[in-house]
There are 2 protein chains.
Amino acid sequence: MSIGTASKALNGRGRMRVETRDRVLAAAERLGFRPNPFAQGLLAGRTYTVGLVTSDSFGRFSIPVMLGAEDALDAGQISVFMCDTRDDPIRERHYVERLLARRVEGIIVTGRRTEPRPGIGRDLPVPVVYAMTQSADDSDVSIIPDDEGGGALAARHLMATGRTRIGHVTGPQSFEAARRRAQGMTTALGSAGLAPAGEILYGQWSEEWGRQGADVLLHESPDVDAVFCGSDQIARGVAETLRERGRRVPEDVALVGFDNWEPMALGCRPPLTTVDMNLGEIGRLAARHLLDAIAGDPAPGGVTIVPAGLVLRESTRRGTS
Amino acid sequence: MSIGTASKALNGRGRMRVETRDRVLAAAERLGFRPNPFAQGLLAGRTYTVGLVTSDSFGRFSIPVMLGAEDALDAGQISVFMCDTRDDPIRERHYVERLLARRVEGIIVTGRRTEPRPGIGRDLPVPVVYAMTQSADDSDVSIIPDDEGGGALAARHLMATGRTRIGHVTGPQSFEAARRRAQGMTTALGSAGLAPAGEILYGQWSEEWGRQGADVLLHESPDVDAVFCGSDQIARGVAETLRERGRRVPEDVALVGFDNWEPMALGCRPPLTTVDMNLGEIGRLAARHLLDAIAGDPAPGGVTIVPAGLVLRESTRRGTS
DNA sequence: ATGAAAGCGCTAACAT
DNA sequence: ATGTTAGCGCTTTCAT
């Protein structure tokens, strides 16, 4: 039997007797034959491979993104080379070079900050999509969460449960995410003729800051009846201080976090209502855009914003007060 | 210029005038030439590629392991295909098949439980190393953390700071990790003629259980002066209850956690002394074993235990009492 | 010091 | 319906 015929049998091409085909299939099975992807790739000029570069040390934000991307890519039989840059530009260049040398058909770049960042290179021979981070070059495709919408969502939910004196404790003002969330909240309150209770309290992304920030807020606006927090960690700190100062959550003060980081949100007392950025969806979308681009149908450059959702838990249960 | 000569120039083989070599190098640079790894691989019979299969959804435990592995593999110019099985055996088979089809030279399997698990397949054509999980087949190579040693470390540290009535609140007894940590602690106490304060309290890996468990412990052993917790999450719950019951940490009761999960351990009041499993080292070791096996020098099958360390923070500062 | 040619494993086009 | 052949891009031997 010729080798060419065997190839056809395995791939279901050409015409041949079923018996012959079966014989080949059986033999292949018996011998544990696996086609050499290098030979196939050499011929086809394709690798069915993409690279995923993260600067988040495979952290809390990039992982759900990766899982979403894997979902979408797996359907296309695409395998993923993972590289973690440890936030080091040198490593990043190194990995991008390596991925290109391996002839990946596209690259997804993820991060932990949504701030625009320098692209990974100009005129790369393959399409690139930025997920959960944004390229400074707006001819690139970037997919980011809707921080502003998330802030608005939180504010509207709090108003819907009857709160009107809503404070905000969040991370450093140097983070675009923090500014956007605050903006979304302020705008939503404004639409209802309200304003935030007290100043927007910018600080750190930590529980410790949440504890301090809550004290500041209680001092400035003792009649506050809700707090929207820039992260679940901050919210936990706020919850703790509120309790220690004798305010009941949610009866006296309702609380909304941000991230839906379950170990934090569920460990909180009470469990935390929080904004979910739909990171998985960001990853899936990034992967789909990449697949389209690989298939020759690139999305126009620009930023795509994925809507956030709200996960309801005890911390905003409608008060009986 | 012949194509063969160019190849020699690029790879530094054969004899030729420096001028010729330089000319080739310059041209390659100018044209952005990258050798096709498929053609190279086809010839060399190597792929410089390994697979990493995780059943932890790239979670908290497998990620540090992955980073460690990447360290070690990167040095060998090996790229990594990542696959997440979502803990689904079907997906796992599928991915293992795919990795083998891609001719990875080895596979690392990671998980989130140290319990022995069925291997990913018998008589695979490439070496396999299990990291942070253990193959039921003890001819396989497995690298796991030292839960027992970690428990002992915690107990000895507490005794060294003058504690003698040490309780233990931990996760479900169905977890080998929980049983081992308890065993390590009990043995270490026993060597000093001590026994745990009260029963070992098995429960859940959650803060909520930590809060409840602390109440049980305080009720059974009101004079307890230290608590070793099976996880940082549990420790946080315990810390909260202690504080609410008027016990100061560390003055009245010292506290040790397990995992060194920084967002939890640092957010705790006070910051938590905790056992670190050295997950990065587990990953590095797994990768090195895999590289050795690929190089034809396989480690003998069996379980390698990586020692744990203790990270000191406020929760065990020597009391002034 | 350089060039020519074979062959890695596979598929597609063409010949039988 | 099956066999034959060329060629994907590279490295290596061997000839010049």
Side-chain angles (χ1 to χ4, degrees), chain A residues 1-49 51 76-79 81 97-106 124-126 294-296, chain B residues 1-49 51 76-79 81 97-105 124-126 294 296:
Chain A
M1 142 102 26
S2 90
I3 195 169
T5 308
S7 170
K8 288 177 217 163
L10 264 356
N11 297 291
R13 308 285 160 75
R15 256 172 286 284
M16 66 203 324
R17 274 184 299 182
V18 254
E19 184 222 311
T20 314
R21 175 153 297 162
D22 291 346
R23 228 152 33 95
V24 173
L25 259 34
E29 173 73 12
R30 188 159 42 76
L31 301 170
F33 174 85
R34 300 166 189 286
N36 184 323
F38 281 50
Q40 293 181 308
L42 188 53
L43 209 51
R46 294 202 53 182
T47 62
Y48 297 96
T49 281
Q77 301 266 40
I78 306 279
S79 296
F81 279 122
E97 278 303 314
R98 185 124 113 212
L99 289 171
L100 293 176
R102 288 206 181 264
R103 296 289 202 277
V104 295
E105 299 184 28
L124 296 183
V126 298
I294 290 171
Chain B
M1 142 103 27
S2 92
I3 194 169
T5 308
S7 170
K8 287 176 215 165
L10 264 355
N11 297 290
R13 307 285 159 77
R15 253 172 288 283
M16 65 203 326
R17 273 183 300 182
V18 248
E19 183 222 313
T20 313
R21 174 154 299 161
D22 290 347
R23 227 154 31 96
V24 173
L25 260 31
E29 173 72 14
R30 188 161 41 78
L31 301 171
F33 173 85
R34 301 166 188 287
N36 185 322
F38 281 47
Q40 294 181 309
L42 188 55
L43 213 49
R46 292 202 56 182
T47 62
Y48 297 96
T49 281
Q77 302 266 41
I78 306 279
S79 296
F81 280 122
E97 278 304 315
R98 190 124 110 213
L99 289 170
L100 293 175
R102 288 204 182 264
R103 297 289 204 275
V104 295
E105 299 184 27
L124 297 183
V126 297
I294 289 170

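Since we're looking at a predicted model, the values are computed, not measured. FYI, side chains are in, hydrogens and waters are out, and symmetry mates aren't considered; it's all heavy atoms of this structure. By convention in this document, chain letters (A, B, ...) are assigned in the order of the sequence lines, proteins followed by strands, and residues within each chain are numbered from 1.
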From [atom1] of [X] over to [atom2] of [N], roughly how many Å is that when rounded to an integer?
X	N	atom1	atom2	value
Asp22(B)	dA1(C)	CG	C1'	15 Å
Met16(B)	dT16(D)	CE	C1'	15 Å
Ile3(A)	dG9(C)	CD1	P	9 Å
Arg103(A)	dC8(D)	CZ	C1'	12 Å
Lys8(B)	dA5(C)	NZ	P	14 Å
Glu19(A)	dT2(D)	CD	C1'	13 Å
Phe38(B)	dG7(D)	CZ	P	22 Å
Arg21(B)	dA1(C)	CZ	P	10 Å

Spacing of [atom1] belonging to [X] relative to [atom2] belonging to [Y], to within rounding of 0.5 Å:
X	Y	atom1	atom2	value
Phe38(B)	Leu43(B)	CZ	CG	14.5 Å
Gln77(A)	Arg98(B)	CD	CZ	5.0 Å
Arg21(B)	Thr5(B)	CZ	OG1	10.5 Å

DNA chain C: Leu43(B) or Gly4(A), which has the more 5' nearest nucleotide? Leu43(B)
DNA chain C: Arg17(B) or Ala39(A), which has the more 5' nearest nucleotide?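 Residue closer to the 5' terminus by nearest nucleotide: Arg17(B).
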With a 3.5 Å cut-off and no angle check, do the side chains of Arg102(B) and Ser79(A) form a donor-acceptor pair?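 A pair is found: one side chain offers a donor N or O, the other an acceptor, under 3.5 Å apart.
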So which atom in Leu25(B) and which in Ala9(B) form the shortest heavy-atom distance, rounded to 0.1 Å? CD1-O, 4.0 Å
For [N], does OP1 or OP2 lie under 4.0 Å from any side-chain N or O of [X]?
X	N	answer
Asn36(B)	dC8(D)	no
Thr5(B)	dG3(C)	yes
Ser7(A)	dT11(C)	yes
Gln40(A)	dT11(C)	yes

If you look at every strand shown and take non-hydrogen atoms under 4.0 Å, does Arg34(B) touch a base, only sugar-phosphate, or nothing? sugar-phosphate
